[in-house]
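For this chain, numbers begin at 1 and follow the sequence in order.
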Amino acid sequence: MPIAVDIDVMLARRKMSVGELAERVGITPANLAVLKNGRAKAVRFTTLAALCDVLECQPGDLLRFQPEDAPTTSAVRSA
């Protein structure tokens with residue numbers, strides 16, 4: 001999927017556990033794990049807003065576009 005989820009990065013920066021984030025956002029740890037691991041097909045704006053509120057960040061800090069056909073770093077170097 002071309003959308004990468006960086007919730008782990010923000011959790012590390014905030015020194016927060018997945019369980020604490022799930023509780024504060026109001027979703028189950030299992031649903032947060034699906035989102036965090038990039039297996040979610042969609043995310044509600046209310047959930048995204050709650051994540052940003054709790055983590056004190058912007059949506060772009062949690063989600064980024066990563067084209068599937070983009071060359072890897074090693075391929076670019078060898079060209």
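Residues Asp8 and Lys36 meet the side-chain proximity criterion, which asks for heavy atoms closer than 4.5 Å. Between Glu68 and Pro2 the shortest side-chain heavy-atom distance falls below 4.5 Å.
Val9 and Phe65 fall into different hydrophobic clusters, where Ile, Leu, Val, Met, Phe, Trp and Tyr residues are linked whenever their side-chain heavy atoms come under 4.5 Å apart, directly or through other members.
Here the options are Val18, Asn37, Leu11, the test is side chain to side chain contact (heavy atoms under 4.5 Å, CB included), and the partner is Leu32; only Val18 passes.
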Show me, pair by pair, the donor-acceptor contacts under 3.5 angstrom made by side chains of residues 21-30, not counting sequence neighbours?
from: Arg24; atom 1: NH1; to: Glu20; atom 2: OE2; distance (Å): 3.4
from: Thr28; atom 1: OG1; to: Asn31; atom 2: N; distance (Å): 3.0
from: Thr28; atom 1: OG1; to: Asn31; atom 2: ND2; distance (Å): 3.3

Review item, side-chain donor-acceptor pairs of residues 45-58, under 3.5 Å, at least two apart:
none

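More than 12 heavy atoms of other residues, nucleotides or ligands sit less than 6.0 Å from atom CZ of Arg39. When the shell of 6.0 Å around CZ of Arg13 is examined, it contains 12 or fewer heavy atoms from other residues, nucleotides or ligands.
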Might you work through the side chain to side chain contact (heavy atoms under 4.5 Å, CB included) test for Ile3 and Gln66, ending with a clear yes or no?
CA-CA 6 Å; Ile3 302 297; Gln66 183 176 328; over 6 Å; no
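Residues that satisfy the salt bridge (charged side-chain N to carboxylate O under 4.0 Å, His left out) test with Asp6, not counting sequence neighbours, are Arg64.
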